[in-house]
Q: 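Got a structure for you, questions after.
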Amino acid sequence: MAPWWKEGIIYQIYPRSFADSNGDGVGDLPGITSRLDYLQELGVDGIWISPIYPSPMKDFGYDVSDYTSIDPVFGSMADLEELIRQAHARGIRVIMDMVMNHTSDQHPWFVEARSSRDNPRRDWYLWHPGRPGGRPPNNWLSVFGGSAWHKDEKTGEYYLHLFDPSQPDLNWRNPGVKAAMMDVWRFWLDKGVDGFRLDVAHLLVKHPDFPDSGSKFGFTPYSRQRHDHHSNLPETHQLWKEFRQLLDSYPERMAVAEPDLDGTGAEGYYGSGEDELHLTFNFQLFWRRWQAAAIQDAVLDWGRRVPEQGWPCWVLSNHDFGRHASRWSSGRRTDARAKVAAALLLTVRGTPFLYYGEELAMRRAFIPPSELVDPPGVRYWPLYLGRDGFRTPMQWTAGPGAGFTTGKPWMRLGPEADRLNVELESKDPGSVLAWYKRLIALRRATPALRLGSFKTWFDRPKSVLAYTRALGEQTVSVLLSFSRFSRSVELPAGTHQVLASTHRDAGAALSGEVKLQGDEALVLLQQERG
Ligand code: GLC
């Protein structure tokens, strides 16, 4: 049997925004637990919860001040234990988010480190006296903007922060850091957590001499720098291999790496395919236009890059780059496109990751500048709108709190919440939610869709993406329209039964030339070969 993370579907929960049980306007763990039945009905096999550890919330949990407790805003350790217990009772695995490149500046390790130059914890972070003339140690930029170095007045040295100044980078060349983080992993694994999503997995180890970065083409100051001296270093891979061994000492655990957003070196985190991390996100679909050729190119490219023993995974949206319904929007056809995108995600070869609310076709919200809270959004608006717009509350029902909270939501609701919500979409067989459920059930029932080989068709109209998934005797064909117009497509010889279609009834038999409707997604089971 294939491991669960290969066959399964993983659903990302941004905990502030999923379900609020106590009316304070912020989502919490009992809220998630109360919605596990919904997730079970949807048919997902695992949830990845963005960070829930104590945090000053400068980067909304990605600035951790204690790796083995729960922030009171989300509940207690007992609440998490109950969540894990109830999830497992429903066959749902639980993945924690591990932020290991940096801590919060409020973490006791950093509080000690910054207290004096000779504090034993000093070397757990990256300090430097700076260059002559009061200049920072090098030209490295922070992902969130400005220099990646902050001069700490107390001891007169700079520390490195590749994100916000409140997120100092750890020194992964110090063995104490590795030992402490391994203890953190054991703590969670012993609690029964099923895996980890590894935040900025490419950044851990930096060049010991901190050479200047070279330049390249890019749209933001950070992306105009080459990151050769702090990204994808061989020492970082070595560390992940060691963590993999720790993971392998527990049964059925997994880890998924977040690589560089632009995908550089992403496939490296598979190692041989078996000795580093189980999965690596591939963000290519974030950047592609809604065009059959562009999407096909991304799928084939990743297929070539993932090592033979490795296994791909796919994602259309997340808390850093979200809401594909908006990215690929097209007026009244937006929901229809969201259905085609869902068919791609749930039938392509690899583990699908869903971002909460995408099953409703939730859209990105426009957040006025006065309501922005995301650090890069606050800094760069309107050049960069920030990430708040795709972290809006889950839309459970129509009405003021969208069924997310009885209080005032921490972030305004997304557009069309009164139409795009669980309550209404559950009742409508033509909704995006109903389509996700149908596809997920189909995937669960169809081994070729979960584990089968993948082959694109070369002979097809330009605006159609078509591929075959095959396993043993089972052959499934998928046809996706990227156009508003219908197109004739010649099916492989034989008869094909409709397993699912956005435009026709399941069960119908098709052969020869079919007219694929505009914005249609069609999944077919080969019955007789011609
Ligand atoms: C990752 C997270 C992002 C966070 C950053 C710093 O990219 O996904 O949300 O801001 O790391 O931790």
Side-chain angles (χ1 to χ4, degrees), residues 10 12-18 48-67 71 95-107 110 125-126 140-146 148 150 160-170 172 181 184 196-204 206 220 222-223 227 230-232 236 255-266 269 277 279-283 286-287 313 315-323 353 355-356 364 372-380 384-392 411:
I10 299 173
Q12 181 190 355
I13 292 179
Y14 195 69
R16 292 183 80 75
S17 297
F18 195 61
W48 144 34
I49 311 177
S50 284
I52 49 176
Y53 318 102
S55 164
M57 301 289 170
K58 293 269 175 56
D59 190 17
F60 297 94
Y62 286 93
D63 47 331
V64 179
S65 56
D66 176 356
Y67 286 94
D71 194 286
I95 298 174
M96 298 283 275
D97 210 316
M98 267 296 145
V99 189
M100 292 160 58
N101 175 66
H102 44 269
T103 67
S104 157
D105 61 355
Q106 302 303 306
H107 195 294
F110 189 71
Y125 294 84
L126 296 161
W140 294 2
L141 294 177
S142 145
V143 180
F144 288 174
H150 179 83
L160 181 74
H161 61 87
L162 287 176
F163 294 89
D164 194 70
S166 67
Q167 294 167 294
D169 281 42
L170 283 161
W172 277 92
M181 216 51 102
V184 170
F196 301 111
R197 175 265 185 188
L198 306 171
D199 193 64
V200 290
H202 57 300
L203 294 180
L204 299 196
K206 281 84 184 176
T220 61
Y222 181 79
S223 65
H227 305 133
H230 67 252
S231 189
N232 299 323
T236 299
V256 52
E258 180 202 24
D260 204 342
L261 197 59
D262 70 13
T264 312
Y269 294 88
L277 300 170
L279 298 173
T280 294
F281 285 124
N282 148 43
F283 296 134
F286 288 0
W287 308 103
C313 67
V315 54
L316 301 178
S317 296
N318 69 13
H319 66 294
D320 292 325
F321 207 98
R323 297 297 174 205
F353 279 74
Y355 183 50
Y356 82 97
R364 179 186 186 133
L372 290 174
V373 290
D374 179 34
V378 170
R379 183 176 179 125
Y380 285 119
Y384 174 63
L385 303 178
R387 298 170 293 183
D388 299 315
F390 38 86
R391 297 174 174 181
T392 58
M411 179 56 60

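Keep in mind that the numbers below use all heavy atoms, side chains included, and drop hydrogens, waters and symmetry copies. Numbering of ligands and ligand atoms starts at 1, following listing order. Bear in mind the structure is a predicted one, so any value in this text is a computation, not a measurement.
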Q: Applying ring-ring contact (aromatic ring centres under 6.0 Å, His included), can you list everything that pairs with His102, at least two apart in sequence or on another chain?
A: Phe163
Q: Using heavy atoms and a cut-off under 4.0 Å, could you grab the residues that are in contact with ligand 1, chain by chain, numbers ascending?
A: Asp59, Tyr62, His102, Phe144, Phe163, Gln167, Arg197, Asp199, Val200, Glu258, His319, Asp320, Arg387, Arg391
Q: Please list, chain by chain and in numerical order, all residues satisfying ring-ring contact (aromatic ring centres under 6.0 Å, His included) with Phe196, sequence neighbours excluded.
A: Trp185
Q: Using the ring-ring contact (aromatic ring centres under 6.0 Å, His included) criterion, which residues pair with Tyr222? Sequence neighbours excluded.
A: His227
Q: Does a side-chain N-to-carboxylate-O contact under 4.0 Å join Arg391 and Asp320?
A: yes
Q: Taking Asp71 for its side chain and Gly61 for its backbone only, find out whether a donor-acceptor pair lies under 3.5 Å.
A: no
Q: Report yes if the distance between the aromatic ring centroids of His107 and Tyr125 is under 6.0 Å, otherwise no.
A: no
